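The structure displayed is predicted, hence computed values, not measured ones.
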Amino acid sequence: MEVKKSFEEINEKIKNGTAVVVTAEEIIDIVKEKGLDEATSHVDVVTTATFSPMCSSGAFLNFGHADPPIRMTKVLLNNVPAHAGLAAVDAYIGATETSFDRDIEYGGAHVICDLIAGKKIHLQATSPGTDCYPRKKIDTYITKDSINEAYLFNPRNCYQNYDAAINTSGRTLYTYMGVLQPNMANINYSTSGELSPLLNDPYLRTIGMGTKIFLAGAPGYVAWQGTQFITEVERGNNGVPTTSAATLAVIGDLKQMSCDYIQPAVFEKYGTSMFVGIGIPIPVLDKDMLMNLAVENKDIYTNIVDYSVGRRSKPSLGKVNYAQLRSGMVTLEGKQIPTTPLSSLSKARAIAQELKRWILTDKFTLQEPFKHFNKVSKLNTLEEVGKGEIDNE
Amino acid sequence: MSKKAYKQRIYIEAEKCVECGACTAVCGAKALRLDKTTWKLIYNVQKCQGCMLCVSACPSRAIKSDIEDLPSAVAAAL
């Protein structure tokens with residue numbers, strides 16, 4: 001009889017300490033050894049993880065009220081501007097914001113990580129002053145413990161696949177995909193492949209609003225679909241997208257996070273970003289689910305895209321699988337080209353193991369999504385039009 | 001501060017390095033590479049040509065370029 005398990009049944013096993021939990025790398029050999037039927041019965045949860053640069057990240061902060069109070073309209077944190085177009089003492093610090101004095105070498109990501117590390121942050125804020133908020137200026141220091149809420153809210157993380165980058169031009173390119181040497185001298189890619197969360201659940205059967213996750217060392221949640229979310233894309237026979245597809249908006253308590261799992265990043269001549277560590281536990285509901293979870297790098301494909309073309313659509317020079325990319329060398333147009341990851345596999349492995357420990361030791365249970373994401377077949381583009389030309393259809 | 005390796009060409013701050021591999025993309029001498037089993041960064045000082053391209057290519061700013069950047073205790077020991 002075919003094995004079927006519910007979230008509730010798996011959570012009961014977690015609570016009574018009988019759940020079998022393995023990582024998305026470990027499950028591959030287990031399935032080879034036991035076969036799909038026996039492995040489905042044996043394993044309850046598979047942990048997935050990624051540790052990659054994720055620019056679309058940031059944190060909401062509430063500083064608490066000064067006396068006399070101020071309605072902050074301009075906010076600087078260690079000389080990095082935070083968006084203060086919110087209520088009086090709320091602000092959002094974006095990871096890619098850069099500082100006035102150190103430019104890209106110290107940005108929003110650094111402020112966020114310094115807060116997590118417990119360091120003092122210099123807060124400068126100004127205001128025009130109002131009857132209810134008379135103060136016009138404040139210059140002080142904060143820590144994560146001195147302020148009220150501090151939570152990471154990342155609008156687009158955890159990309160389900162991402163194109164690899166190459167440069168066919170004669171000059172070096174400095175990009176968010178790292179340094180691309182001229183004349184196709186290197187290929188950079190950025191995913192943890194067979195360990196990556198959304199590549200293990202290609203149709204997001206178990207991941208949606210409310211899914212409990214590991215976010216930078218703290219418990220977090222999937223809050224919404226990520227921006228630039230698209231589902232109706234080209235897929236391989238195993239259902240795995242062969243190009244950028246789903247994304248996740250995630251949320252979690254910054255005060256509980258650890259710098260072991262989140263780090264600022266600076267990409268030369270490009271800007272500031274942030275390495276974000278995310279782990280997602282996926283329940284083995286049935287054989288079909290396990291088949292997805294046993295996906296291997298050799299069966300996950302992506303495009304090699306030419307970043308020397310400075311247009312929205314960049315040409316693909318071909319498809320390649322992650323086993324080839326992980327091998328360190330790819331043959332393209334008769335040329336042997338070295339490959340480089342930007343996503344840290346050693347960190348992703350550490351996250352998958354830590355999440356496994358949470359489930360086994362701390363009884364971290366799984367949350368069935370409150371709502372699954374709708375299918376999206378097209379991403380809109382930004383066009384330059386006159387006011388009367390906007391199509392309301 | 002612990003270090004993975006250092007000599008006068010470069011040294012790597014272990015606390016900052018996330019083992020992403022971005023530095024290996026610019027290392028023509030193959031002095032920096034990721035171990036294919038552990039995916040940890042390996043620095044071979046014998047192969048290092050001192051071009052310093054890795055210093056600015058490192059997103060974590062974990063690679064330091066010269067003796068003046070060394071912590072004083074380490075520099076004093078050289």
Output the distance between atom [atom1] ([X]) and atom [atom2] ([Y]), rounded to the nearest 0.5 Å.
| X | Y | atom1 | atom2 | value |
| --- | --- | --- | --- | --- |
| B:Asp35 | A:Ser346 | CG | OG | 10.5 Å |
| B:Ser60 | A:Phe275 | OG | CZ | 4.5 Å |
| A:Gln181 | B:Leu53 | CD | CG | 7.0 Å |

Looking at [X] and [Y], what are the two nearest heavy atoms and their distance?
| X | Y | value |
| --- | --- | --- |
| A:Gln263 | B:Glu15 | NE2-O, 4.3 Å |
| B:Ala57 | A:Glu268 | N-OE1, 3.9 Å |
| A:Asn186 | B:Ala25 | ND2-CB, 3.5 Å |
| A:Leu342 | B:Ala22 | CD2-CB, 3.6 Å |

Under 4.5 Å to a heavy atom of chain A? For B:Thr38 that would be backbone
Honestly, the part of B:Cys58 sitting under 4.5 Å from a heavy atom of chain A is backbone
Problem - Flag side-chain contact, heavy atom, 4.5 Å: A:Ser344 against B:Trp39 - result: no
Is the shortest heavy-atom distance from the side chain of B:Lys30 to the side chain of A:Pro338 under 4.5 Å? yes
Would B:Glu19 and A:Lys347 pass as an ion pair if we require N to O under 4.0 Å? no
So, the part of A:Arg349 with a heavy atom under 4.5 Å from chain B: the answer is side chain
Bottom line for A:Phe51: the part with an atom under 4.5 Å from chain B's heavy atoms is side chain
### Message
Could you check whether any side-chain N or O of B:Lys36 sits under 3.5 Å from a backbone N or O of A:Ser327, counting only pairs where one atom can act as donor and the other as acceptor?
### Response
yes
